[in-house]
Amino acid sequence: MAIIERPSTPALAGSGAPAVVTPSQAYGVLKRPVSTTGWRSWVFTVDHKKLGIMYGVVAMFFFLVGGVEALLIRLQLAGPEGTVLSAGLYNEMFTMHATTMVFLFVMPMGAAFANYFIPLQIGARDVAFPRINAFGFWCFLVGGIFLNTSWFLGGAADGGWFMYQPNANALFSPSHGVDFWGLGLQITGIASLTGAVNLITTILNMRAPGMTLMKMPIFTWMSLVTQFLLLFAMPVITVALFLLMFQREFGATFFDVSAGADPLLWQHLFWIFGHPEVYIIVLPGFGIASEVLPVFSRKPLFGYRFVVFSGAAIGFVGWGVWAHHMFASGLGPVSVAVFSMATMLIAIPTGVKIVNWVLTMWGGKIWFTTAMLFIVGMIAQFTIGGLSGVTHAVAPSDTQQTDTYYIIAHFHYTIFGGAVMALFAGFYYWWPKMFGKLLSERLGKWNFWLMMIGVNLTFGPMHIIGLQGQPRRMMNWTEARAGEGFFNLGFWNRVASFGSLLITIGVILFLVNVWNTHKKSSTTPKAPLDPWDARSLEWITASPPKEHNFDAIPTVHALDEFFHRKYEVDHDTGEVRKIASAEEVLAAEEAKADKHIHLPSPSYWPIILAVSLPIMGYGVIFNRLLIAVGGVILLLAMFGWALEPSVADDSDYDPPVDGGGTSKELANIG
Amino acid sequence: MLGLTAASAAVLAGCAKDAPQDTWQPKGENAQKIHDLQWPVFLVAGIVGVIVLAAIGFVVIRYRDKGQPMPEQSHGKPALEIALTILPALILVGVGIPTASTIFDLADESDTECIINVTGQQWWWEYDYPAQDGCGGIAEPIVTSGQLVIPANTNVLLRLTSRDVIHSFWIPALNGKKDTVPGRVHTLRMQADQPGIYAGQCTEFCGLSHANMKMEAVALNPDDFQTWVGNQLEPYVSPEAGSQAALGEAAFTANCAYCHQVNGLSSTAPDGTVTPVLANPDQFVVSGAAPNLTHLMTRNTFAGATWDLLTDECRDRVWNASPEEFGALYLQGVTAECLNAVDLREWIRNAPAKKPMYASDAQKANSDGKVRGMPALGLNETQIDQIIAYLLERN
Amino acid sequence: MFTTGSKLFIGSSVLAIVAAVAFGVSYDGAAAWTAAIGLISVSIALLFLMAINFWVRDSNVSGMDSDATTTSAAAQERPSNSMWPAVGALGGALVAIGLVATPVVFKAGIVVLLIALFEWLVQAWSDRASSDRRFNASVRGRIMHPLEFPVLGAVGLTVIIYSFSRIMLFLSKESGPAVFVILAALITLGGFLFASRPTLKASVVAGICTIATLGLVSTGAVMAIDGEREMHEHATVSNEPAVCSSNEETEVDEKASQGVAAKSNVAATIIYNADGELYGQQVGMGEYSRMVTLQRSNTSQIMFRNLSDETVRLVANMGAFEVDVNGTTVTEKPVTCTTLVEPDGRQFMTLVFPKSSAATAPTDPYTFTVPGVEGASVEIVVP
């Protein structure tokens with residue numbers, strides 16, 4: 001029972017007013033915030049769409065940070081004996097480049113899309129736990145900021161993103177960088193874990209009527225697999241990070257050889273997390289690709305079931321291959337052979353996906369929008385990345401390739417060429433849905449070609465650099481080992497550095513595109529309701545969607561529900577006839593709008609709770625007293641969270657509309 | 001397609017002839033085994049890649065929107081799907097079987113003819129040869145660093161470990177890499193078909209100067225190798241009294257011998273008692289070791305094989321020597337004419353300025369006052385001259 | 001005019017004055033003065049009370065005052081039942097007993113007292129939140145549940161885990177795993193049954209769980225009192241030369257060293273065989289050797305295997321060094337050893353030789369030995 005509701009006074013009193021205090025007086029500050037405009041509407045929001053946008057904006061910011069780090073690295077390596085960065089700074093740079101790109105860009109950008117589109121794709125009005133959702137976002141933000149403040153507080157982490165023991169020990173990495181790294185990831189890890197629980201619950205419980213799992217949009221499916229991977233992977237890294245923290249801060253000896261422990265334990269822990277992490281990064285991209293391809297090929301996804309099951313298979317097999325990161329660690333031939341075979345196995349479901357994508361386009365009517373270009377480019381590059389992956393699934397071959405630039409080439413083809421290109425496709429594809437305006441296709445195509453050429457120029461030569469023996473993580477390369485002739489390692493290093501400039505220009509063009517579309521003087525018209533002739537549920541609503549997503553929760557009859565409401569398929573001839581426009585479909589839905597719509601109220605507490613965490617983090621590093629300060633804030637915020645009324649006062653928020661229009665009520669969703 | 005260029009470039013890499021650490025130019029049986037396994041895999045991967053990319057290209061051109069009617073809304077053909085799942089599975093089985101057998105081949109220790117202990121530390125490698133009947137017989141242990149000297153055409157087994165953090169030992173022309181993990185002893189087979197010099201580099205990120213932790217494997221004919229062993233075990237010869245080198249000996253004893261061992265070096269007290277000078281790197285260095293300099297001038301590199309002891313001209317002569325004449329050339333060691341005094345001098349003057357290390361007083365504070373790497377010793381130019389003159393006789 | 005209450009007080013105070021007069025007349029001396037002053041004071045106090053009662057009209061509610069039917073104290077709900085006075089009393093008692101007996105009880109008393117005070121405070125506050133008792137209870141729950149549930153959960157878990165650990169420590173090493181497996185199977189089975197019968201009454205489930213928990217806790221308590229099974233120390237390395245030099249210790253544990261460091265990657269294996277010979281094996285060296293080579297300043301893992309039928313230990317004699325202790329030169333002979341290893345047992349030893357073989361006195365070379373066995377010695381070369 002909500003506290004602010006007035007209790008019904010028992011019958012003994014005739015006039016019925018409660019006697020002593022009204023509870024709303026009793027709680028004072030614990031009312032829920034109600035702003036629907038201004039900064040408060042963003043800071044205290046629990047709306048999955050606003051959170052999704054904020055995830056996206058912050059992730060994009062960190063993409064730029066990580067990009068600058070990458071540029072500095074390439075600048076350093078553009079010539080022999082580079083002097084742009086000192087050795088220490090270079091080590092910090094590549095450590096933070098990887099950390100930023102993985103934990104602060106690709107993962108949260110996947111979370112941005114998942115947050116924004118999963119409820120829309122399954123016909124829900126919000127996620128299952130909106131306040132926890134907001135808490136997750138703020139954890140990600142404060143964690144990311146915490147991590148990057150290390151640059152200004154004595155230097156960032158310098159142990160590589162894998163942070164191998166004992167090199168990441170206090171003895172060998174004496175700055176506070178690794179502490180910042182561990183605690184920062186711990187905080188952003190909370191975002192991933194709570195997000196996983198939230199989205200799994202949402203997907204399993206809040207689908208629109210009629211939407212069985214096998215009628216669920218493929219992006220939601222791939223996100224579901226991703227969330228399960230997160231749910232099981234995050235605890236592993238959490239434990240590992242705690243061990244690391246205890247070892248550095250409190251002199252524990254979990255990985256200390258002289259105390260009888262084994263440094264390889266860290267590697268196992270890290271990669272049991274780290275390999276599923278690879279699929280966490282790439283599966284949302286697969287989802288976007290499988291979403292965009294059918295739309296622009298005007299055909300359903302080829303072998304939807306196979307794509308779903310191969311995604312799930314990747315989710316399972318992904319747990320059994322972690323040691324392929326350790327083929328050179330000295331595991332012994334039996335382990336190496338087993339993990340080598342398992343790694344080859346995982347190429348099969350991945351191959352299935354590529355085949356299905358190609359066959360989706362086969363016989364289609366392909367419309368080359370920017371989004372489609374990005375996906376076609378992504379398939380091509382992911383194919384290359386996947387095949388180079390097979391070459392080091394062959395363990396003996398991997399002992400020649402691991403820790404060389406060949407590996408960098410491989411995983412940038414899968415992560416940049418695969419996941420990031422798909423994310424950019426997602427931007428172009430869903431932009432009109434999120435913001436009501438189309439990004440310029442002309443600039444978009446420039447953006448695509450620059451990135452496509454840039455990626456291949458940057459990472460393509462790295463195959464050669466790697467196979468010719470240049471190891472990773474070296475602050476410089478020397479002419480002495482670059483070989484002779486014009487096309488020596490120096491040449492390819494310069495090409496790679498040049499390519500990184502093209503990528504930079506591509507990314508800047510994207511930002512320019514966004515700016516042009518949304519600046520005050522922009523002449524970009526409002527996007528049509530259904531600019532791409534799309535197929536799934538998120539398009540059966542206004543653009544951008546109303547706060548409550550759908551006026552009426554749609555009932556689902558088929559995979560690609562929206563398509564089937566617009567088109568009729570003649571089963572005998574296979575002929576496809578248009579029967580309704582998107583506007584008509586939407587009008588039909590709006591006509592049966594729900595009279596009462598329940599939405600969660602905003603809340604102060606998620607952000608306050610999240611802010612307490614980095615304070616405790618600084619406490620661990622600098623002054624234990626701060627832990628207590630953060631702890632008190634944490635405790636108070638938890639109380640605030642538990643005590644705040646489950647809904648804002650009706651009178652504060654949304655007075656019922658006269659004349660029987662839709663009224664928004666506030667449900668007691670937590 | 002750009003993808004195609006990348007794929008063909010990868011193949012091209014194997015053909016290029018110039019990079020010293022090229023992984024596609026095996027020079028020994030073990031690397032050859034890896035190569036025999038990997039080139040077909042690359043080939044198959046390349047073919048599959050070309051087919052897929054061609055298919056994408058075909059689809060993209062053939063089915064672009066030319067105003068054709070809406071395509072049939074087919075959801076797929078399970079039979080085709082299953083076939084296209086089984087096909088890669090079969091290819092992978094074909095790859096998997098030779099992979100497994102090669103893995104076990106490369107882990108074999110039974111045919112060892114020679115044992116060398118390899119120890120990594122920040123940021124150089126130490127090689128010690130236990131006394132053994134193998135390697136053609138080694139009577140007493142030998143300790144060296146920088147260049148791993150092995151007999152050619154002999155199955156050498158390296159026993160790898162580390163004194164501080166994890167490193168990785170890698171001579172691409174002779175075998176794949178293997179991590180050196182503190183507390184663990186890993187083995188790595190080494191065999192070189194012909195005499196020659198083979199470059200390598202630490203490939204597990206090991207901190208500040210990871211880029212400067214290199215190594216070279218030097219293969220000598222078994223006869224030449226015996227000569228080398230004999231030379232390494234030769235007793236210490238004091239410099240001629242009064243010479244520049246003799247002054248250098250004193251300077252070395254006073255400044256360098258705390259950490260660097262020179263076997264046979266002794267000091268004479270005023271009362272005439274002679275005591276051997278034993279280095280105590282365990283008191284000054286985190287990893288507890290510093291390169292043994294007894295026969296420094298028999299090797300061609302210093303400071304973690306980052307710099308050459310030979311001038312460019314002499315270095316090229318050694319590196320480009322034919323297998324037949326290589327041994328003799330290498331056994332000459334570093335002569336006064338060939339000495340690369342520039343780098344050596346800079347190194348002795350201020351090592352941390354040349355190679356990033358944790359050796360300043362502020363950095364020592366984090367590690368109980370011990371250095372990681374070589375500190376700046378504050379020697380004057382005269383002392384440096386004397387020490388170089390002394391070192392030049394360590395052959 | 002006068003209310004019932006004020007009349008009572010008037011009567012009483014008159015009586016007190018009469019009594020004072022009576023005392024003053026019938027007694028003399030100090031006693032009479034004392035009694036008279038006391039009784040007059042009483043009468044003044046009674047008159048004061050009379051005035052208050054008169055003023056508030058005996059706190060009676062006027063029939064004309066309709067508000068009073070809800071606002072008067074009499075109209076309020078009774079405060080709800082509370083266990084906190086009783087718990088507070090328990091806390092006080094514990095504090096008192098603790099002061100006499102033992103500090104632990106004292107501290108526990110303080111904790112109980114604080115909890116009782118705090119809970120009492122919150123309950124008293126919530127009782128005044130409104131006139132609806134159910135509502136008040138929910139107010140209290142909102143404030144206290146976020147604190148109570150986690151704490152109670154933690155306490156409950158601690159009790160269960162602690163009880164379980166006592167049971168496992170009581171059981172012998174042989175039966176322990178079996179009991180563990182059976183219990184785990186039972187719990188899984190129970191969980192599965194509960195899950196497959198969602199219609200099962202909550203009271204039945206709760207009953208079963210309660211009985212199981214009670215059984216666990218009481219068994220745990222009994223076994224905790226009875227004590228743990230006899231256990232050997234798991235010390236791997238001892239720096240006591242006195243112990244290392246003999247084979248006379250009683251403790252035996254073939255699993256004394258279970259370091260994670262891979263058993264397949266040791267620096268050397270030292271074997272003591274049935275013929276009383278000690279020899280070393282190193283990877284790649286093939287033959288059994290009387291000499292092993294270990295790198296200096298390197299953490300070397302040594303495996304000792306006892307293939308004889310005696311119980312022996314391995315001792316590493318790590319040379320002799322002259323050390324300067326407060327100005328006097330002392331010869332130190334560091335020694336490290338395994339615990340006793342029973343026949344067919346094996347054990348790890350982690351060694352670091354900071355100095356080369358050349359640095360130790362020639363009379364005390366680096367060796368592995370088995371104490372008491374002549375000739376059982378392996379030379380350690382540290383180049």
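The residue among B:Gln73, B:Gln38, B:Glu72 with the most heavy atom pairs within less than 4.5 Å of chain A is B:Gln73.
Within the 4.5 angstrom heavy-atom criterion, no atom of B:Gln363 approaches chain A. Heavy atoms of A:Met344 lying under 4.5 Å from chain B belong to its backbone as well as its side chain. Neither the backbone nor the side chain of A:Phe459 has a heavy atom closer than 4.5 Å to any heavy atom of chain B. At a 4.5 Å heavy-atom cutoff, the contact between B:Pro69 and chain A is made by backbone atoms alone. Looking at A:Ile354, the atoms closer than 4.5 Å to chain B (heavy atoms on both sides) all sit in the side chain, from C-beta outward. Looking at A:Tyr90, there are no atoms closer than 4.5 Å to chain B (heavy atoms on both sides), in backbone or side chain. Of the atoms belonging to A:Val336, heavy atoms from both backbone and side chain fall under 4.5 Å from chain B. Within the 4.5 angstrom heavy-atom criterion, only side-chain atoms of B:Val181, from C-beta onward, approach chain A.
Rounded to the nearest 0.5 Å, atoms CH2 (A:Trp362) and CZ (B:Arg62) are 8.5 Å apart. Taking CG of A:Asn356 as the start and CG of B:Leu84 as the end, the distance is 8.5 Å to the nearest 0.5 Å. Interatomic distance, A:Ser297 OG to B:Arg64 CZ, rounded to the nearest 0.5 Å: 14.5 Å. Taken to the nearest 0.5 Å, the CG atom of B:Leu208 stands 7.5 Å off from the OG atom of A:Ser86.
The local environment of CG in A:Asp570 is crowded, with over 12 non-hydrogen atoms from other residues, nucleotides or ligands closer than 6.0 Å.
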Candidate pair B:Val41 and A:His392, rule side-chain contact (heavy atoms from CB on, under 4.5 Å), full reasoning: CA-CA 9 Å; B:Val41 176; A:His392 36 258; over 6 Å; no
Could you go step by step and tell me if A:Phe368 and B:Asp65 meet the side-chain contact (heavy atoms from CB on, under 4.5 Å) rule? CA-CA 8 Å; A:Phe368 285 107; B:Asp65 189 349; over 6 Å; no
Before you tell me yes or no, could you show the steps for B:Leu92 and A:Leu345 under side-chain contact (heavy atoms from CB on, under 4.5 Å), namely the whole-Å CA-CA distance, both residues' side-chain angles and the distance that decides it to 0.1 Å? CA-CA 8 Å; B:Leu92 288 171; A:Leu345 200 64; over 6 Å; no
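Under the 6.0 Å cut-off for aromatic ring centres, B:Phe205 and A:Phe94 qualify, their centroids lying closer than that.
Between the side chains of A:Gln400 and B:Trp24, no donor N or O sits under 3.5 Å from an acceptor N or O.
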